[in-house]
Each structure stands twice: as C-alpha cells, then as structure tokens.
Amino acid sequence: MPANPHPLPRAFFARSPRRVARDLIGKLLIRSSESTYLSARIVEVEAYLGQNDPAAHSSAGRTPRNSVLFGPPGFAYIYFIYGNHYCLNVSCEPEGKAGGVLFRALEPLTGLEEMARARGTALHNSRDVLKLTTGPGRLAQAFGITRSRDNGRDLTSPASGLWIADDGFRAPAIQITPRIGITKAVARPLRYLLANNRFVSHVRPSSK
DNA sequence: ATATCGATTATCT
DNA sequence: GATAATCGATATG
C-alpha cells in the first residue's frame with residue numbers, strides 16, 4: 001500500500017533534467033486546497049536541457065518568458081502554446097543554470113470528477129478517464145493550471161497548493177524514447193515513461 | 001483506423 | 001510574418 005504522500009525536497013530537482021525526469025516517473029502531482037484534492041501519478045515526462053538542446057525554450061538564453069528555468073530548482077515553468085494550451089514544467093539544476101522537465105501524461109487517482117469539470121468533458125466510461133490527463137495540454141487543463149496562476153509556483157511545498165510528492169510507489173520499468181511534438185533535436189532519447197501504462201500520451205499519426 | 005484543419009497568442013526573425 | 005514542447009472536430013477508409 002502506498003504511504004502518505006510527502007513532498008519531494010528541493011535537492012531532488014537540483015540535478016540534470018535527465019536524472020530528474022527519470023526519477024519523476026511514478027511520483028505524484030497534487031493540487032490541494034481547502035476545497036480541492038486532485039492527485040495523479042506521473043507516467044510520462046520529457047527532459048529539456050539547458051545547454052546544447054535546440055528544442056528547449058532556454059536554448060537562446062534567458063528571457064522574461066523562460067526566466068523560471070534559470071532560477072532555483074523545483075519551481076513551475078508554465079508556457080502557452082498554439083494559442084490554446086498551457087504546459088507544465090518543473091525547473092531543474094542549481095540556480096543560474098537552465099533546465100526543466102515537461103509533464104506529458106498522468107494517471108488520475110483522485111478528484112476525477114473535478115478534473116472532468118475543469119476540462120468541460122463527460123466522465124461516463126474508461127475512455128473518458130483516459131482523455132483527462134494524457135497529453136501536456138490536457139493535464140494542465142485538468143489541474144486548472146494557467147500561466148498567470150501558476151508560473152513560478154514552488155512545487156516542493158504543500159502550502160503552495162500545487163506540489164510533487166512521493167507515496168512510496170516504485171516504477172517497475174521505465175522506457176526511454178525520443179521526444180514528441182518537436183521539430184528540433186528530434187532524435188534525442190529524452191522522453192521517459194512508465195512501461196505498460198495506459199495513460200501514456202499517443203504520438204499524433206501525422207506528427208513527424 | 002489515418003488525415004487535415006482551425007483555434008489564437010507569445011516569441012522570434 | 002512565421003512558428004510553436006497541442007488538442008478537438010471533422011472527414012474519410
């Protein structure tokens with residue numbers, strides 16, 4: 001039985017995005033407040049490196065948009081993409097060095113009704129559950145994550161209301177594949193996923 | 001099952 | 001002016 005979830009310490013994130021990404025598989029993302037408790041297991045992430053990674057937002061240096069990636073580790077970097085979607089990252093590496101991990105898919109555990117409400121979708125069958133948090137845009141919407149609300153939020157403290165936790169679960173097997181949806185540095189194996197998990201996001205048929 | 005397209009904005013060239 | 005770490009709707013097989 002999983003233990004009570006406890007927050008991951010800042011030192012967990014003060015490492016290379018690869019190490020952090022690998023170790024985040026199987027951990028929990030939690031949105032908690034007096035009126036809300038959403039939790040989901042992290043089943044798919046991607047590492048974005050601070051240096052020598054053309055696909056990373058930090059590759060061209062520090063800007064107002066990406067400054068969280070250059071700040072201290074364990075904070076939320078939220079960006080808005082395609083005019084429609086927010087995506088959640090956590091900053092890695094010690095302060096001053098860029099790097100982050102993108103959350104790509106979760107397995108929802110508690111608060112599924114509220115997630116469906118946040119997404120404006122039905123929740124009648126297992127197919128509906130599957131679409132709650134599979135994909136970076138979907139999981140952000142399910143957790144009510146926006147740039148204005150959550151960019152720069154401390155993900156190591158339950159007091160912040162959005163945090164990452166360890167409940168004792170240990171991933172039996174982790175797969176590593178190339179990243180998805182990018183056009184630069186396409187071949188690099190920086191996508192980490194929980195093997196045999198149904199909630200891993202799908203490659204777009206025509207995305208190449 | 002795959003393919004195409006529109007949404008709609010921050011950022012960069 | 002083009003592009004992007006995406007998704008849902010729609011059309012067609």
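Convention: sequence-line order gives letters A, B, ...; per-chain numbering from 1. Source: prediction; values computed, not measured.
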Atom CZ of A/Arg10: over 12 foreign heavy atoms under 6.0 Å: yes
Whole-Å gap separating [atom2] ([N]) and [atom1] ([X]):
{"X": "A/Arg127", "N": "C/dG8", "atom1": "CZ", "atom2": "P", "value": "13 Å"}
{"X": "A/Asn151", "N": "B/dA10", "atom1": "CG", "atom2": "C1'", "value": "13 Å"}
{"X": "A/Phe80", "N": "B/dA7", "atom1": "CZ", "atom2": "P", "value": "14 Å"}
{"X": "A/Leu132", "N": "C/dC7", "atom1": "CG", "atom2": "C1'", "value": "14 Å"}
{"X": "A/Leu130", "N": "C/dC7", "atom1": "CG", "atom2": "P", "value": "13 Å"}
{"X": "A/Gln141", "N": "B/dA7", "atom1": "CD", "atom2": "C1'", "value": "13 Å"}
{"X": "A/Tyr86", "N": "C/dA4", "atom1": "OH", "atom2": "C1'", "value": "15 Å"}
{"X": "A/Glu44", "N": "C/dT6", "atom1": "CD", "atom2": "C1'", "value": "13 Å"}

Heavy atoms only, 4.0 Å cut-off, all strands: where does [X] land among base, sugar-phosphate and nothing?
{"X": "A/Gly137", "value": "sugar-phosphate"}
{"X": "A/Arg179", "value": "nothing"}
{"X": "A/Tyr82", "value": "base"}

Between [options], which one does the side chain of [X] approach most closely?
{"X": "A/Ile81", "options": "C/dT6, C/dC7, B/dA7", "value": "C/dT6"}
{"X": "A/His85", "options": "B/dT11, C/dT6, C/dA5", "value": "C/dT6"}
{"X": "A/Asn84", "options": "B/dC12, B/dA7, C/dA5", "value": "B/dA7"}
{"X": "A/Arg65", "options": "C/dA5, B/dA10, C/dT6", "value": "B/dA10"}

hbond_proxy A/Tyr79 side chain to C/dA4 base (donor-acceptor, 3.5 Å cutoff):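 It does not, because no donor-acceptor pair links the side chain of A/Tyr79 to the base of C/dA4 below 3.5 Å.
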OP1, OP2 of [N] versus side-chain N and O of [X]: anything below 4.0 Å?
{"X": "A/Thr183", "N": "C/dA4", "answer": "yes"}
{"X": "A/Arg138", "N": "C/dG8", "answer": "yes"}
{"X": "A/Arg119", "N": "C/dG8", "answer": "yes"}

Under the 6.0 Å and 45° cation-pi test, does [X] pair with [Y]?
{"X": "A/Arg31", "Y": "A/Tyr37", "answer": "no"}
{"X": "A/Arg149", "Y": "A/Tyr86", "answer": "no"}
{"X": "A/Arg15", "Y": "A/Phe12", "answer": "yes"}

Co-membership, hydrophobic cluster, residues A/Leu88 and A/Trp163, 4.5 Å side-chain: no
Within one Ile-Leu-Val-Met-Phe-Trp-Tyr cluster: A/Val20 and A/Tyr77, side-chain cutoff 4.5 Å: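 Not linked; separate clusters.
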5' priority, DNA chain C, between A/Lys184 and A/Lys131 [closest heavy atom]: A/Lys184
Polar side chain donor-acceptor pair, A/Thr133 to A/Arg138, under 3.5 angstrom: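 No, A/Arg138 and A/Thr133 have no side-chain donor paired with an acceptor closer than 3.5 Å.
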Span that lies between the C1' atom of C/dA5 and that of B/dA3, in whole angstrom: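 B/dA3 and C/dA5 have their C1' atoms separated by 22 Å.
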Nucleotide-level pairing of DNA chain B, given in dot-bracket where Watson-Crick and G-U pairs need both distances under 3.5 Å and | marks other strands: |||||||.||||.
Heavy-atom check, side chain of A/Leu102 versus side chain of A/Cys87, under 4.5 Å: yes
